[in-house]
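Numbering of residues begins at 1 and proceeds along the displayed sequence. We count ligands from 1, going down the list as the structure has it; atoms in each ligand are counted the same way.
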Amino acid sequence: MKYPTSNKKLVNWVNKMARLCQPDDIVWIDGSAEQKRKIEEEAITSGELIPLNQKKLPGCFLHRTAVNDVARTEHLTFICTKKKKDAGPNNNWMQPRIAYAKAREIFKGSMRGRTMYVIPFSMGPVGSDFSKIGVELTDSRYVVANMMIMTRAGESVLRQLEIEDDFTRCLHSKADLDINKRLILHFPEDNTIWSVGSGYGGNVLLGKKCLSLRIASFLAKKEHWFAEHMLIMGIEDPSGRIGYIAAAFPSACGKTNLAMLVPPEGLKKKGYRIWTVGDDIAWMRVDSDGALWAINPEAGFFGVAPGTNSKTNPNMVTTIKKDTIYTNVLLKPDGTVWWEGADETAPEYGIDWQGRSWRPGTVDEHGEPVKAAHPNSRFTAPIANCPTASFRLEQHHGVPISAIIFGGKRAHLAPLVYESFNWQHGVFVGSTMASELTAAQVGKIGQVRRDPMAMIPFCGYNMAVYFRHWLDMGKGMRKAPRIFHVNWFKTDDKGRFLWPGFGENLRVLEWVLQRCFNNIDSIKTPIGYIPRPQDLDLTGLKLSAGAFEKLFEIDKKSWLGEAKEIKKFYRKFKKGLPPELWQEFDALLGRLKS
Ligand code: OXD
Ligand code: MN
């Protein structure tokens, strides 16, 4: 057989995996429009993709996953390092030998009657110092179609593999989509990912969470850089200066909406403008100028559909009008799609995410309302379609980061915004982040979980060592970004949001950048610096009476309760937890008690 590469390591591995999975044939993805069309046609025939109304939604398709395969299955996700302690208390761990053996049994013959696609892909611009190459083998045309949006895939990557020998070996098979035979395995010491038994994006688009976060975080520690669960956006101020921020929020907490927000009228008039670099992942390196620079390794958005509309995210509404794959949303009779919280009211009739007839008011056998779209239904769309896409997306150098923002979904406790005292304190703030669970994870919605740096599901190694890495990185920077914490989700006693969120969040980001660039004054509190009331531009915003005070209220008693929870969490890491973080913990207690 003639191979489209002379990289022997790649050819040998593809052949070895083919011997295991026994596909009927092997197709190498070249990234051409012609091949893309052919695979889409085959996917339509096989039922993996349903073409949508090509007049209204050109280049768009619908896909339905299996009913038991709609979100990341964290309990079936493992870090397989030789030593258990290297995976840490934050990960499920399996001995590599056992993990390979277990998965091998499921992969064996799993591609019989199917094609194995070989997808060479680059996370980051091909050839950039930031970028990493992966090759995903899969028997899913849905995965191929998604990877062609989410990554730079094909010929140019194969050319790069003639120069660069190394790549992340990513093997995926749907097998029979049996949840009892589902495993998402990461072997950071082998630069390998094996995912079997799932067809859900977060489990199977292996360039995303698996490579760009779990494997990359492990590599980043070794190679002295950051792989983070962060959006990246540029905020152009009235003088034309663009300040870039990187912000970490747990899944489905509004990273995508924030990354492409529309400035409120007053700020737009002042001259503010947004540039979207990424909505989910940031790879950051210290450059020769001593500052932190970032790229988004992805080339597309894999966003949550429900709640996306012209009010919450008009730029996304435009982005997903073409070249988009919708997953688990409602199909309307006119071949377009709908989800809860879309612009239009519910259609009179449609086919729901499970492929069943649906009408408003449909209830299940327990009398519970049936959702038209799954709460974690998604769209996959190219960043290039986004009206606010940054002109620096393809720059090998990335963008300079002025501020790092951590945030969670907390109904109480955390104020709208506060700034850490310094880098070490900022790492403490990130390491103690907590949020309520959302539909993006299997689990109980609303339950609070500690999610340091929004990385708890994605850190590919022991988080105590990850905290050490964060502290060490700060020492290597002459122009370190300032670190902030935000909470858009504080509620009043009746559970109503105190802050309107969405585009209005720019008011907070304006303050953040003022702190970074103009060093305006602030108010010191036990947890950090908060804005002086005159420094937050609230022109044209109507907050309810007393909301502003509540948004910035720091209730010492609640914070002392929080400290107890932090202590419990920190203790999980035993002696591994860097002493600097205990110092910060003690200092916080001291300030709260004084
Ligand atoms: C995502 C997630 O899909 O965090 O981005 O779950
Ligand atoms: Mn995410």
Measure centre to centre between the rings of W339 and W353, then say whether the value is under 6.0 Å.
->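 Aromatic pair excluded; centres sit 6.0 Å or further apart.
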Ring-ring centroid check W499 F489, cutoff 6.0 Å |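 Ring centroids of W499 and F489 are no less than 6.0 Å from each other.
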Kindly give the atom name of the N, O or S atom of D280 closest to the Mn ion (ligand 2).
->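 The closest N, O or S atom of D280 to the Mn ion (ligand 2) is OD1.
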Yes or no on ring pair (Phe, Tyr, Trp, His ring centres under 6.0 Å) for F573 and F467, after CA distance, side-chain angles and deciding distance?
-> CA-CA 11 Å; F573 299 101; F467 295 149; 5.8 Å; yes
Using non-hydrogen atoms of the residue, decide whether H229 is closer than 4.0 angstrom to ligand 1.
->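 Yes, H229 has a heavy atom closer than 4.0 Å to ligand 1.
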Ligand 1 and K208, any nitrogen or oxygen pair closer than 3.5 angstrom?
->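 Between K208 and ligand 1, no N or O pair is found under 3.5 Å apart.
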Taking both backbone and side-chain atoms into account, decide whether I281 has an N/O/S atom under 2.8 Å from the Mn ion (ligand 2).
->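 No.
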Can you see whether [X] engages [Y] through a side-chain donor-acceptor pair at a distance of less than 3.5 angstrom?
X	Y	answer
D279	T256	yes
S46	E48	yes
T327	Y142	yes

Atom indices of ligand 1, in the order listed, that fall short of 4.0 Å to a heavy atom of [X]:
X	value
D280	5 (O)
R378	1 (C), 3 (O), 6 (O)
R72	2 (C), 4 (O), 6 (O)

Can you figure out which of G202, S251, C253 has its heavy atom closest to atom 2 (C) of ligand 1?
->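 Among G202, S251, C253, the closest heavy atom to atom 2 (C) of ligand 1 belongs to S251.
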Where on F458 is there a heavy atom closer than 4.0 Å to ligand 1, on the side chain, on the backbone, on both, or on neither?
->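 Answer for F458: side chain.
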Can you list the steps and then say if F406 with W470 is a ring pair (Phe, Tyr, Trp, His ring centres under 6.0 Å)?
-> CA-CA 14 Å; F406 295 120; W470 262 85; 5.7 Å; yes
Please calculate the NE2(H229)-the Mn ion (ligand 2)-NZ(K209) angle and round it to 10 degrees.
->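 Approximately 90° at the metal, rounded to tens of degrees.
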